[in-house]
Amino acid sequence: MSDLLRGLNPEQLAAVTLPPQHALILAGAGSGKTRVLTTRIAWLISTGQASPQSVLAVTFTNKAAKEMLTRLSSMLPINTRGMWIGTFHGLCNRLLRAHHRDAALPQLFQILDSADQLSAVKRLLKSLNVDDEKFPPRELCHFINAQKEAGLRPSAVEAWDDYTRKRVELYEAYEAQCQKEGVVDFAELLLRSYELLSRNEPLRRHYQERFRHILVDEFQDTNRLQYSWLRQLAGGQANGPHPPNPRPTTGFAQPVGSGGAEQCSANSHLHPGEGGGYSEAPRGACIFAVGDDDQSIYAFRGADVGNMRDFEREFKVANVIRLEQNYRSHGNILDAANAIIKHNARRLGKNLWTEAGSGEPIRVFEAWSDLDEARWIVEEVKALSRDGHARAEMALLYRSNAQSRVLEHALFAAGLPYRVYGGLRFFERQEIKHALAYLRLIANAGDDTAFARVVNFPTRGIGARSLELLQDAARAGGGSLMAAIPQVAGKGGASLAKFAELVGKLREAAHLPLPELIEHVVELSGLRAHYQTEKEGQDRLANLDELVNAGANFIAEEGAVGEEGELSADLAAFLAHASLEAGEHQAGEGDDALQLMTVHSAKGLEFNVVFISGLEEGLFPHENAILEADGLEEERRLMYVAVTRARQRLYLSHAQTRMLHGQTRYNLPSRFLEEVPAGLLKWLTPRVAKGGFAVSPVPALCVPSGTFSGMPRRSETTGSGWRIGQSVRHAKFGEGVVINLEGSGQDARAQINFGAAGMKWLALSVAKLEAA
DNA sequence: TTTTGAGTCCTTTTT
DNA sequence: GGACTCAAAA
């Protein structure tokens, strides 16, 4: 046991060995957060304070969950298989599968990922004849998810205007559709299991008594629903009763649907007299939450840092431990990170320090264009590589996925091995989704989303007309699309009947072992034949083969659970796996390749060398974020996360011009560059003035075409009709003053001070300016 | 019914 | 520059 604790610093040790009480660990970047979490579990188990079955540990990503499991099994000689360690969504899925009857779900309910949800909503709007211009499907998805995450069923949503009323109506219709089809979206997984527990007292008691220790990773990223879910599961509070004090905008205060105020009534059960002098040991678990408010970067999708404060208050958390010693980065990098995050007002407060030396300065590069930036990065990586740095230990980070293309292009051209994380995942590829849709129809013939996806793919003469007729028939009969097929006569009816026959044949094969079943489906559905004739189909065929492999691997890893029966439980488990874990694994995992990813997906990782590219106003911080409340602070936290990924060397770069949605844009350097103390920076390119550009390698463009000889003065460059000092008006930014002009012809651009709307470089060929 | 071409929006970030 | 939608043509 003492082996477990060896090497922990005093704060880490204190956290790991806390008595069984609620605790909040504020763990800065690189402070050994995961280690503390896993060691805590190992310590609880190895000292006999907890059995493996009484521990529940929850994370956000599958990667983190897996990491926790491997670390744990290396520390303890136990089988982690049956332990409740996983993502929120994974654990909820498990709960709902186990109690599908109580949750009013079919045994083989399917999980919709975001893309599935979107197409389900589109289908709904079409069937209800709702104008999707007025109610954009994306926006509606967002609305529905937001309501669910606030714990609000349609009946509980307050709607004050017609527009919202209509949206609520659509929300209700969407729910009915999902229920009928036996499908569940991501938010529903959580809300459904929350409601399951709150309405079913015996079940709730069962789990509250079972789980004595609940450990939460990345607590700052929890949304209100997840927090309520945890609160529910934790039951009574060991450190005192819980005041019913939820936020006003959520449904957790009021009755949710029919079984609402359980939260409070449950607590009054547990604490009959105020504060409870009861001899009975308090039922329920201790929550051990680990988080870092400075790394909260998911507010945009409902994460609420306020949960940290609420947790502290509502659970009367007596143990708040700060882990501030950083074991990852050199001093200069840490100083930069601290300096940046200091600009945020709303913080719990924390300052990282390290015993490592200050290390190298942070290198900054100003590129003329995004292409230029990419080429520079290639050269730099090559040089580092020659000096013996492993490419796999270098990461290239960017704000949004769209930026990766230019970078990939340059890397590819240079023959530098690289690997991109994120982007299109394996289970999100169209050929895979098609094959999965057939599998879903085998598991659940009522899955209309899957039906609509493949009924005419590969094409088999079932067009929009036939589908429309079918939809009408289904609505009249109240059944699924599949069930309505016999009711449709005529030409389309024959093709549909053939499709039903096909699915019937596939179902007969459902008893086959999973990989063989997949193979069978790919063959019989005509997918293979279709991609064989398609020109670009080779990759897709390879992916379909890979899907068969994935099925085999899944069985090998998870173990076959399927009994002999008509429908294999393996299939359902595999489909859930495909939705919940979009499949990070890619070819070339083990290769020594440069790592490319967004800043978001870099969270939790670390590298010897880190490049942060595209540090420009409008890009990072992103222009959409600047307008949102607290958006800028979230961007800054994102920057903080990016910087703290680096161990030894950090590069920052920005480009003066960049192609974005097909247009050349001129961006100012990111304000985050200014926020790093100049003393920590080493500019690799000359810098002229603060806020301006360095000597531009703007080549011949500067030579004015129709002017006199001699040095062109900037203010005369273009003959564009604008002059420095002139007042102008822009449709979006309002009134401003021209303060600089550069380039000529197509490339002419002007720097304009728009006052409140900020300083902008605008391309004169693009921007519509008028004299003011 | 299917294919093709033009036009539109997009773009944060993920389970 | 790409994914997606919608209209017209085959």
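Chain letters run A, B, ... following the sequence lines, proteins first, then strands; residues in each count from 1.
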Inset, instruction - Please round to the nearest 0.5 Å and tell me the distance separating atom CG of A/Leu527 and atom CZ of A/Arg540. - result: 11.5 Å
Legend entry - Cation-aromatic face contact A/Arg97/A/Phe109, 6.0 Å, 45 degrees: yes
Legend entry - Lys NZ or Arg CZ of A/Arg419 over A/Tyr421 ring: under 6.0 Å, within 45°: yes
Inset, instruction - Hey, which sits more toward the 5' end of DNA chain B by its nearest nucleotide, A/Ser114 or A/Ala402? - result: A/Ala402
Using whole Å, report how far [atom1] of [X] lies from [atom2] of [N].
| X | N | atom1 | atom2 | value |
| --- | --- | --- | --- | --- |
| A/His530 | B/dT3 | NE2 | P | 8 Å |
| A/Arg636 | B/dT13 | CZ | P | 21 Å |
| A/Trp229 | B/dT15 | CH2 | P | 17 Å |
| A/Leu118 | B/dT15 | CG | C1' | 16 Å |
| A/Met659 | C/dG2 | CE | P | 11 Å |
| A/His577 | B/dT15 | NE2 | P | 13 Å |
| A/Arg301 | B/dT14 | CZ | P | 8 Å |
| A/Asn401 | B/dC10 | CG | C1' | 14 Å |

Should [X] be listed as having a side-chain N or O under 4.0 Å from OP1 or OP2 of [N]?
| X | N | result |
| --- | --- | --- |
| A/Ser495 | B/dT1 | no |
| A/Thr61 | B/dT14 | no |
| A/Asn145 | B/dT15 | no |

Inset, instruction - Stems involving DNA chain B: give each as a range paired with a range, ordered by first number, where a stem means at least three consecutive Watson-Crick or G-U wobble pairs under 3.5 Å. - result: B:1-10 with C:1-10
Heavy atoms under 4.0 Å, any strand shown: does [X] hit a base, just sugar-phosphate, or nothing?
| X | result |
| --- | --- |
| A/Asp113 | nothing |
| A/Ser579 | nothing |
| A/Tyr298 | sugar-phosphate |
| A/Arg138 | sugar-phosphate |
| A/Phe60 | sugar-phosphate |

Legend entry - Pairing of A/Asp116 and A/Lys433 as salt bridge, 4.0 angstrom limit: yes
Would you tell me whether [X] and [Y] have side-chain atoms, one donor and one acceptor, within less than 3.5 Å of each other?
| X | Y | answer |
| --- | --- | --- |
| A/Tyr640 | A/Gln295 | no |
| A/Gln177 | A/Glu175 | no |
| A/Asn444 | A/Gln110 | no |
| A/Tyr174 | A/Asp185 | yes |

Could you go through nucleotides 3-5 of chain C and list every protein N or O atom that sits under 3.5 Å from one of its N or O atoms, giving the distance for each pair?
from: C/dT5; atom 1: OP1; to: A/Lys122; atom 2: NZ; distance (Å): 3.0

Inset, instruction - If the plane angle is over 60° it's perpendicular, under 30° parallel, otherwise tilted; pick one for A/Tyr298 and A/Phe300. - result: tilted
Inset, instruction - Report yes if the ring of A/Phe300 lies under 5.5 Å from the six-membered base ring of B/dT13 with planes under 30°, and no otherwise. - result: yes
For the side chain of [X], starting at C-beta, report the closest nucleotide among [options].
| X | options | result |
| --- | --- | --- |
| A/Ser466 | C/dG1, B/dT1, B/dT15 | B/dT1 |
| A/Arg405 | B/dT11, B/dT14, C/dG1 | C/dG1 |
| A/Asn624 | B/dT14, C/dG1, B/dT11 | B/dT11 |
| A/Thr459 | B/dT15, B/dT2, B/dT13 | B/dT2 |

Inset, instruction - For nucleotides C/dC4 and B/dT13, find the distance between their P atoms and express it as a whole number of Å. - result: 15 Å
Legend entry - Minimum side-chain heavy-atom gap A/Lys148-A/Phe186 below 4.5 Å: no
Legend entry - Any donor-acceptor pair under 3.5 Å from A/Glu373 side chain to A/Ser613 backbone: no
